[in-house]
Amino acid sequence: MSNKVRYESYDHLITRQANAENQFLTDFEKQTYTIDTPFVVHNPYLINPLCALVMFKTTQKVAPTVTVCGKRFERENLPHTFAADTVHKLPVLGLYEDFANQVTISLPDGTSKQITIQTGKLPEDVCRCLNVMTSADYLEDNFMFLTPAGKNLPTAYDYKGDIRWMLTENTMFDIKRAANGNILTGSSRFCRMPYNSTGLIELDMLGKIYKEYRLPGNYHHDHFEMEDGNLLVLTQDFTRDTVEDMCVLIDRNTGDILKTWDYKTFLPQDVAGSGSQDAHDWFHNNSVWYDKPTHSLTFSGRHQDAVVNIDFDSGRLNWIVGDPEGWPEEMVKKYFFTPVGDVKNFDWQYEQHAALITPEGDVMCFDNGQYRAKNKDNYIKNRDNFSRGVRFRIDTEKMEIEQVWQYGKERGQEFFSPYICNVEYYADGHYLIHSGGIGFKDGWADDGLGAFLDPKDPAVELRSVTVEEKDGVVLYELETQGNFYRAEKLPIYHDKDNVRFGAGQLLGQLDVTPEFDTVPDAQEVNEQPDAWHNVVIEEDEDRMVFHGRFERGTLAMICLEGDADSHHYFLNTSAVVHLAMCSGAFLEDDDRELKLNISKQGLKGKYQIKLIINDKKFDTGVSIFCP
Amino acid sequence: MIQELDTNGFDQLDKSGSMMVEFYSKVCGPCKMLAFVLRDIDKAKPDFPIYTIDFDENKELKERLGVKGFPIMLFLKDGEEVNRITGLQQKPAIVKAIDEIL
């Protein structure tokens, strides 16, 4: 059998990081390192090339300070003082790329040591800052963290627009700092097209993963940390034909699902669809927010142009912010608001993202504005449209709504993002507005989503613009190449543990991958499929991912044949139209390239992997083991 | 009983009783898979008539029946459409739809 199928086996990143950590901690103990001869590990957790760990011991308990020196002058220095100890394992964060970084370690007694950490070039296609307008005084030690919406990577930019943090793993969707200082974001592990990943990960700024929370319906778009540490995560039930219409509360320590909200229980699925709605993705939930004063959850549903609020305990619908056109009359009367105040300048939001409730009880979101109408006859072309951050004041007694702030309408198509994006509330009058999905073709806002545009086409420009506005004055603006899902301004260091040692945990579980009961007749052939099919089988602890290329209309099925049982998975080789694409991370350049995640959940023992292509059953020569 | 029909054959068919009409395309992977599923169903329900029609070669008929894609299964009772299922389905879902019209 010639070797036409490629097989790759990986340990989970958590395992690889644990191995790397064991190695450098063992090496550190082999001899005595002092502040004069510190032990330096560049990129200790393998996925952040702009960081290091500096380790040494002191005879006295002291609180060391690490300073990453600025490229040009002292005011750019990035210092952080760590807790007092005799053994020091200090994260060095925010290094410049392709640069001999000067890092000073100093002790309270005046002892100081300068070391040089040379970094390499970042990948060629990293999204660069094009323009930045701010000052060191304004941004202080904050970086702007942007999460990817395509093949780009999570990246953070300093006040000069220099990249000071990046992960080489395509962790997707929202990024938020947890109460313990770590960050929570989506895992980079593919599960289902178009963009479901296995779950949510908690990691530190070095890139060390502490926990991956796997979910049966996978993770997409957003999550929210509750006061007790438990996590609200957006997901779905993959045993039915709809997506992006469930939220779960998961136990922070165990990953167990504690509570589930199924939107089909409080919303009709066949009314008031946005221009992007289909029966499969009828709601397209892209944000979740918990509001403590009202003990309620707020969800943004792009495909109903609706921001929906429900009671946390009962799951009963409280209200809906959105254009009431197309909704049943009894729902309009009960749940929708009537605009008041300056109604001439009032606009409803359409295909919005990232809805939140301000401390004053107002509703904010990024109003993408895609189509900007409920009725097809009134749809607006993107080049004539606008996107904006918007804040609505709602009176739930009178069911009245007033638009009290917006930013972006005045910028027209220049600021238009048909998808993704977010707003952040810092204080009354102080907001971040991230228009991360700008896509131009031939100089005009294109009608396609940025994820579908070819960034290599010279006529295409993908942009991300992030603005901070305070009391009507723009204090910060960052323009980068590429599209980015969300922006979050964060200091890279925090006042809790910036690193903790010990192996990370893989929590929760994946779903049992749906199988196909009928197995087509096919002639067994003792050979691998043709090399043209480009079959790659990846395996890790809890799943395998099958990659292959097929002409449209091919009958294709993956067969796992074991001694005791067999399992069969149909591969759909038809053209699939994705109306929504909030991350193009898993899109292939050649749309004949397919991938299928097969969870090991429900499988046991050793399986030969065979592949039916039309009337032949090929043996890939690969077997997997499921514990 | 699975039988291939064209427009003429469909029009001349005695439509009394229950039947299923499937539109397929020769260039459709799910349609090829569905053919195996239907063969399986045919073994379990040999008296239930299943007709298959080539989507690409019967333009007027598909327009008349409002068929816009493939595969699609129309469930007819005495000539009246009572249900339709779009896309590849597993055997139990199709058997359930058949049982509902029997």
Side-chain angles (χ1 to χ4, degrees), chain A residues 193 238-243 269-270 278-282 512-523 529 533 546 548-559 566-579 591-596 610-618, chain B residues 1-2 4 20 22-46 48 50-59 62 66-75 81 83-100:
Chain A
M193 290 299 283
F238 273 133
T239 63
R240 63 190 193 199
D241 289 336
T242 60
V243 293
Q269 289 86 63
D270 53 355
D278 60 21
H280 179 63
D281 193 359
W282 63 277
V512 174
T513 306
E515 298 181 31
F516 209 87
D517 300 337
T518 307
V519 185
D521 298 330
Q523 180 198 350
H533 289 291
F546 175 90
R549 179 166 50 188
F550 300 91
E551 290 291 2
R552 296 268 164 72
T554 305
L555 172 65
M557 178 176 267
I558 300 167
C559 308
S566 294
H567 302 268
H568 304 90
Y569 307 90
F570 177 72
L571 280 167
N572 187 357
T573 59
S574 303
V576 177
V577 178
H578 296 292
L579 292 175
D591 64 4
R592 295 170 301 178
E593 297 273 355
L594 304 178
K595 51 177 108 51
L596 180 73
K610 297 190 177 174
L611 178 63
I612 291 175
I613 303 175
N614 290 326
D615 55 352
K616 289 193 169 60
K617 187 192 273 186
F618 296 89
Chain B
M1 179 191 66
I2 301 177
E4 172 94 21
M20 189 246 276
E22 184 232 359
F23 279 80
Y24 73 95
S25 169
K26 291 190 181 89
V27 293
C28 158
C31 301
K32 289 173 186 166
M33 189 67 233
L34 185 58
F36 286 98
V37 179
L38 296 183
R39 260 183 252 167
D40 231 15
I41 290 171
D42 188 46
K43 281 181 202 157
K45 290 183 177 294
F48 181 77
I50 298 173
Y51 300 102
T52 60
I53 297 176
D54 190 321
F55 178 91
D56 304 301
E57 290 179 5
N58 294 279
K59 191 165 179 280
K62 79 185 183 198
V67 171
K68 291 186 177 130
F70 47 78
I72 193 164
M73 289 166 275
L74 311 184
F75 296 84
E81 181 184 329
N83 190 12
R84 70 168 60 192
I85 300 179
T86 308
L88 174 62
Q89 301 288 329
Q90 301 244 35
K91 187 176 165 186
I94 301 169
V95 168
K96 182 169 175 271
I98 292 170
D99 287 342
E100 280 169 5

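Convention: sequence-line order gives letters A, B, ...; per-chain numbering from 1. Every value quoted in this text rests on a predicted model; they were computed, and no experiment measured them.
A search for ring-ring contact (aromatic ring centres under 6.0 Å, His included) contacts involving A/F570 returns A/F516, not counting sequence neighbours. The ring-ring contact (aromatic ring centres under 6.0 Å, His included) search around B/F55 returns B/F70, not counting sequence neighbours. Remark: A/F238 engages no residue in a ring-ring contact (aromatic ring centres under 6.0 Å, His included) (not counting sequence neighbours).
Looking at B/V37, the atoms closer than 4.5 Å to chain A (heavy atoms on both sides) sit in the backbone and in the side chain alike.
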For chain B and chain A, what donor-acceptor pairs lie under 3.5 Å, backbone included?
residue: B/G29; atom: N; partner: A/G553; partner atom: O; Å: 3.4
residue: B/K32; atom: NZ; partner: A/G553; partner atom: O; Å: 2.6
residue: B/Q90; atom: OE1; partner: A/D517; partner atom: N; Å: 2.7
residue: B/Q90; atom: NE2; partner: A/E515; partner atom: O; Å: 2.5

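For the set B/G29, B/C31, B/P92, the entry with the most heavy-atom pairs within less than 4.5 Å of chain A is B/G29.
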